[in-house]
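Notes for the one structure printed next.
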Amino acid sequence: MLEKLKVLYVDDEENNLISFQAYFKRQYQIYTAKGALEAFGLLKDIEINIIITDQKMPVMTGIEFLEKTIDIYPDAVRLLITGHADLDSVIDAINRGQVNKYVQKPWDWEKLNLIMENCSDIYKSRVELKLKNTELLKTNDELNRFIYSASHDLRSPLMSILGVVQLAKMDDSLDQEYFDIIENSVLKLDKYIRNIIDYYQNSRSDESLENLNFNELLHEIIDMLKNQDHSIKFVTDVKQKGEFIGDSFRLRVILINIISNAIKYRKPSSEQHTVTVKIVSENESVNLQIIDSGIGINPEHLPNIFKMFYRAQISNNKQGSGIGLYIVKESLDKIGGTISVTSTPHVGTTFEIIIPNKINP
Amino acid sequence: MINNLSIMLIDDNVIDLFLNKKFIEAHKLANKTTKFEDSHEAFQYLHSASAADWPNLILLDIHMPIMDGFEFLELYNTLPIENREKTNIIMLSSSILMSDNEKVLKYPSVIAFLTKPLNITELVQLLKDKGIIKP
């Protein structure tokens, strides 16, 4: 059984204290005090959950007393009992959050009982909320640590393997085919780890704005990605009118994901695979189009491609991790951008992205 | 091309130390390569070494037990400025967190942040760009 809630009742009229205790002692653990001073003595030793006081007392008023208890037990529920018509000060105290409930004298026992139950509920939900908050903080903290170790502890041995493979590839006397296979698998696993970290960094950090040069940014990304497949033809068309202020980290994540998909989902036939990137940056916003001549996306998959862990069923070796486009969407949401996609199976896919220029406050 | 570089490698991971030394040797990037598994020992070495024995380049890992890369940089900053002036530090870590990257670039001795595995072509290009080796 749950422990009874601890209730303190402060009133200079002793009769009230006695009757209150008699009525409520079965449901609550009752403490009483004849004045504020005696009450503070009690509060020092006992953690009270519900504090009730009469408004009209010598030394200090009930409201003044309740106000001083906030620092001691911020979670306690405070109830004021008034016999007089000084409603203005009571309303003021309730509005300022110093008093949660008030009861008029003389009280009706049943009504008072209901109010007490109400106070108990308030107290219990406050405690529960606090508990949930602590749990949430803990989960968040664990997630932080997981991401940190994913970034380091998972990547570190993987990068050692990659280093050994690259070293072995420099030795012509060894059969290179095996090392290519190992290298590809390691790079695939590393990409997945990088994706997880990108997602985390996107969800955590605020926008960091800087002046962007789309031509530079795009060619830097293409230079990096063209190593995936040297037979691909890249066509770029960048028109930048004036300055563009945006988040370079997120823009990079978005472009890398979309362009590497455009590279990856090529047709198995030997026909020339082309990836076209058109960027038009203007004062209001930038429009980015990534067009590929690849396998296309089946119309039934289109509505789902931005969902987490959604994978369109394609041939096995083209299977994605299901997180890339989700990160793209999340990143765009953070910077106020939009994305749309049109695709025809066996012809190709076009992604169109619009991101507002933050030069306009 | 043989470069007259002396390179110090600091990394708790022995495999990476071995690999990075191999890469440097294969590209004849340095005529002297010293390896330290323990960043504290590396610091002790620098502390007692004469200016002539200081490396031109230090490749420094971030995540290490006992003393991590950030702590090493703090201690390093207490060494004589005339020795530090001729030495450049490049961070080499498997961390790809932006926060780690931003944190180390605040140190004046650190000229770059590279992620593992060491891409030797990238390193050579970087050293050329910074005028540390001849183009």
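Below, read A as the first sequence line, B as the second, and so on, with proteins coming before strands; counting in each chain starts at 1.
Scanning both residues, L19(B) and S160(A), for their nearest heavy atoms gives CD1-O, 3.4 Å.
Applying the 6.0 Å contact sphere to CD1 of I15(B) captures no more than 12 heavy atoms from other residues, nucleotides or ligands. Within 6.0 Å of the NZ atom in K22(B), the count of heavy atoms belonging to other residues, nucleotides or ligands does not exceed 12. Taking a 6.0 Å sphere around NZ of K86(B), one finds it holds more than 12 heavy atoms contributed by other residues, nucleotides or ligands. Within 6.0 Å of CD on E82(B) lie more than 12 heavy atoms contributed by other residues, nucleotides or ligands. Residue K278(A) places its NZ atom among 12 or fewer non-hydrogen atoms of other residues, nucleotides or ligands, all under 6.0 Å distant.
The side chain to side chain donor-acceptor pair (under 3.5 Å) search around D190(A) returns R155(A), R194(A), not counting sequence neighbours.
Residues of residues 105-117 of chain B lying within less than 4.5 angstrom of chain A, judged on heavy atoms, are T115(B), K116(B), P117(B) in numerical order. When the heavy atoms of residues 167-175 of chain A are compared with those of chain B, the residues falling under 4.5 Å are L167(A), M170(A), listed by number.
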Pairs of donor and acceptor atoms involving the side chains of residues 39-46 of chain B, under 3.5 Å and at least two apart or interchain, shall be tabulated with distances.
| unit_1 | atom_1 | unit_2 | atom_2 | d |
| --- | --- | --- | --- | --- |
| S39(B) | OG | M67(B) | O | 2.7 |
| Y45(B) | OH | D53(B) | O | 3.0 |

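For the atom pair D153(A) CG and S95(B) OG, the distance stands at 10.5 Å (nearest 0.5 Å). If you take CD on Q166(A) and CG on L118(B), they are separated by 9.0 Å, rounding to the nearest 0.5 Å.
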